[in-house]
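Worksheet: the structure to be examined is printed underneath.
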Amino acid sequence: MLEKIVRVELGNPERRMDNSQIADRLEAFAALLELADANPYTTRAYRRAAETIRGTSVPIAELVASGRVRNLRGIGPSIEARLRELVETGAIAELEELERDLAPDLVGLGRYLGLGAKRSVELARALDVRTAEEFREAAAAGRLRSVPGIGAKTEARLLEALAHEGAPRAQRGLLLNRATDLVGGIARALDGEAAGDVRRWRDSCELLAVVRASSEPSPLLERFAELPQIVAMIERGERRAVGVTVEGVPVELLAPEPRRFGTELVRATGSAVYVAALEPLPEAPDEEAVYRALGLPWCPPELREERFRGEPPPLLELPDVRGDLHSHTTWSDGRASVEEMARAARERGYDYLAICDHSPAVGAVPGLTGEELRRQAAEIAAANEALAPFRVLRGIECDILPDGRLDLPDDVLGELDWVQASVHGGQRMPRAEMTKRVEEALRNPHVRCLSHPKGRYINRRPENALDLDRIFDVALAEGVALEVNGLPDRLDLSGNHVRDALRAGVPIVCSTDAHSVRGLENMALSVATARRGWAMPADVVNTQPLDAILEFRRGR
Ligand SMILES: [Zn+2]
Ligand SMILES: [Zn+2]
C-alpha cells in the first residue's frame, strides 16, 4: 500500500548516495510527515531542501562531511542532522519508523471517520490491525471498546460512520480547485465523467463522484480501487463503489450500463433538489437524450442548484473574457514580473491585463507608495512597447482604510487606468460601520471595482457583515463594478451574490487576483462562479474591448 505514496529505496551505506537519491529520501520523509499530520512548515522545509539538493552540482555527501552543507539555501541545523545520518548510515531512523507505522489506507479511513492520523495509528496498534479491512473487522467484532480511551459513545459514532448510510459526503467541503484536481484525475484515469459538486462548480465540494458507462463493471471497480488517489474502499456494490483518499475524502464511482449513462450522470451531478424536480428520470444513454425525453432544453450544470425546468439564458463563456483586471507582480506579493504576467495574459488570448499591486496599508505583504507606483509605470510602459497592441494597464489594489478613505492620495489614483478598492484588515467590523466604510470608498471618483466584496475565505473565515443591497445601490449610482474574485479560497462574490448584484443592475468583473502566471488560470473559476449567478456576457465588464475599459466610469 505504502509504495503508492512514496517510493522507498533502501540506502546503501557502502556506496555514497548521489544528490538525487538523497533528495528522494527527503521527499519520502516529507510525504510521511504529512501523513502523520506533522507541522506543514516542517514538511515544506524538507521538500524545499530536496529541491535545493537536486539543483546543486557539488556532491551533498562531501558538503556534509566537510560541514559546509548549511551554506545551501534552506538547510538549517535539523535538516543538516538528518542529512548527516543519511550520508553516514544510509538511512533515516525516523523515516523507517514512520514507514512501519503509517498505513495510508488506515490513515485515510481514520480521517474519513473523523480521527486524526496519530489517533488512527494508536487505534490500529491497540487493535493489532494493519489494514483498513482488518480495522473494519475488529470494529464489527465489537473490539473497539477494548481500546483505552474509546467509550461506548465513540464506538457507536465510529460504527455508525463505518456503516455509512446514505450518500457519501466529505466531512468538510474541499476547495473547488482541489476537488477538481481530485475528481478530474480519477475521471481521466477511468475514462469517465466528473460529476457531483465539481461539475456544478460549487465553491466547496462535498459530493465527489465519477460516472463511467460499463457493461462489464467489475474490472472497472477494480481499477478504481487501485488508483493512487484511493487508499481504501469503504463500500463496494455491483455497479457502485466508494473509495476514500488519504485525507479521508470519499469519492463515489458509478458504473451504469451504457443505455443508462445519461440518467446516472444527471442524477450524480445533482443538486438533489434540482434532480428531484425532474424525477422520474427517463433512461437514456447521454444527458441530451435525458432532457429530450423530458421535453426540456439541456441545462448547464452551474444552473442546477435549484428547481428549474425553463430555458437557460445564454451564459457567459470563458472565451468571452478579453482581459484580466486584477493581478499582482513582484512589486508586491506576486511571483512574476510585469512583463512575465503580461506575456502570459497575451498568450491566453487577452487584449489587456491590469497590474494591481497592493498599497502600503495591506501590512502583511509589501505595498506600493505613490513614488513606487510611478517607478512601476516605467516598467509597464516598457512592457507595453514590447507587447503592443496588447495593453498592460496601470492599476492598484488600494486598501480601504477603517474610516472609508483610500490608502493613496487622489492625485496618485487619478494617474491610474484601473483602481480596485479592497477591505483587507478589519473584516469583523459591525454591519453599519462596515457598510459605511465601503460606501465611502465607492464614492471616490477613481474607484472602478470593489474587490472580493464579502471578504470570506471558504471554510476558514465567514463573510463580513457588509450590507450588499445597500452597496449595490451605491455601486449603481457611482458606476462601480463588483468583483467575482477567482482565487479558489475566495470565489467572492459567490454565485448567489452575483445573481443579486445582476438583479440590482450592477455590473461585475471576472478577475483572478493572480499572484503568478499560473494564477491566471483561475479565470475559469471566476467565470463558473459568475455563471452560477446567471451572468451573461453583457453583465461582465471585462468582456468589453480595451477602449470601453478605459472609458468605464470616466464616461459617466
Ligand atoms: Zn485583496
Ligand atoms: Zn489582489
Side-chain angles (χ1 to χ4, degrees), residues 175 177 203 323-338 340-342 344-345 352-369 372-373 376 380 392-402 404-408 413 416-429 434 437-438 441-442 444 446-458 460-464 466 471 480-494 497 508-523 525-526 529 541-542:
L175 291 181
N177 60 335
D203 48 17
D324 198 328
L325 291 170
H326 184 170
S327 70
H328 295 264
T329 70
T330 46
W331 282 85
S332 63
D333 55 345
R335 269 180 286 161
S337 69
V338 168
E340 285 165 338
M341 292 298 284
Y352 49 85
L353 172 75
I355 301 294
C356 298
D357 280 312
H358 288 288
S359 66
V362 71
V365 300
L368 276 66
T369 60
E372 286 163 321
L373 267 168
Q376 190 187 47
I380 290 178
V392 186
L393 298 172
R394 286 187 66 200
I396 185 80
E397 176 172 15
C398 188
D399 262 57
I400 302 174
L401 302 175
R405 279 180 306 132
L406 290 173
D407 190 24
L408 287 167
L413 298 178
L416 301 174
D417 302 312
W418 188 260
V419 175
Q420 294 272 148
S422 304
V423 171
H424 287 124
Q427 292 280 1
R428 293 223 184 116
M429 245 178 206
M434 178 64 113
R437 174 186 183 186
V438 173
L442 299 192
N444 180 301
H446 304 293
V447 171
R448 304 281 205 278
C449 181
L450 176 64
S451 322
H452 40 70
K454 290 297 276 176
R456 69 171 179 170
Y457 277 114
I458 297 167
R460 256 168 50 215
R461 183 171 80 190
E463 296 181 340
N464 62 34
L466 188 67
I471 293 306
V480 175
L482 262 54
E483 181 180 68
V484 183
N485 186 295
L487 289 173
D489 55 355
R490 285 198 185 268
L491 301 179
D492 176 12
L493 300 172
S494 66
H497 288 150
I508 57 168
V509 175
C510 284
S511 291
T512 60
D513 200 350
H515 285 68
S516 65
V517 162
R518 264 202 78 188
L520 294 169
E521 292 172 14
N522 287 331
M523 187 58 83
L525 301 186
S526 176
T529 303
V541 175
N542 52 321

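What you see below is based on every heavy atom in this structure, not just the backbone, and it leaves out hydrogens, waters and symmetry mates. Each ligand, and each atom within it, is numbered from 1 in the order the structure gives.
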Would you check, one step at a time, whether the test side-chain hydrogen bond (donor to acceptor under 3.5 Å, both in side chains) holds for His328 with Asp513?
CA-CA 7 Å; His328 295 264; Asp513 200 350; 2.9 Å; yes
Arg456 and Asp203 ion-paired at < 4.0 Å:
yes
Would you name the heavy atoms of Val423 and Gln427 that are closest together and state the gap between them?
O-NE2, 3.0 Å
Considering non-hydrogen atoms only, spot the tightest contact between Arg448 and Asp417 and give its length.
NH2-O, 3.6 Å
At their closest point, which heavy atom of Ile458 faces which heavy atom of Pro488, and how far apart are they?
CD1-O, 3.5 Å
Any chance the rings of His515 and His326 have centres within less than 6.0 Å?
no
Sum of protein N, O or S atoms, each under 2.8 Å from the Zn ion (ligand 2):
4
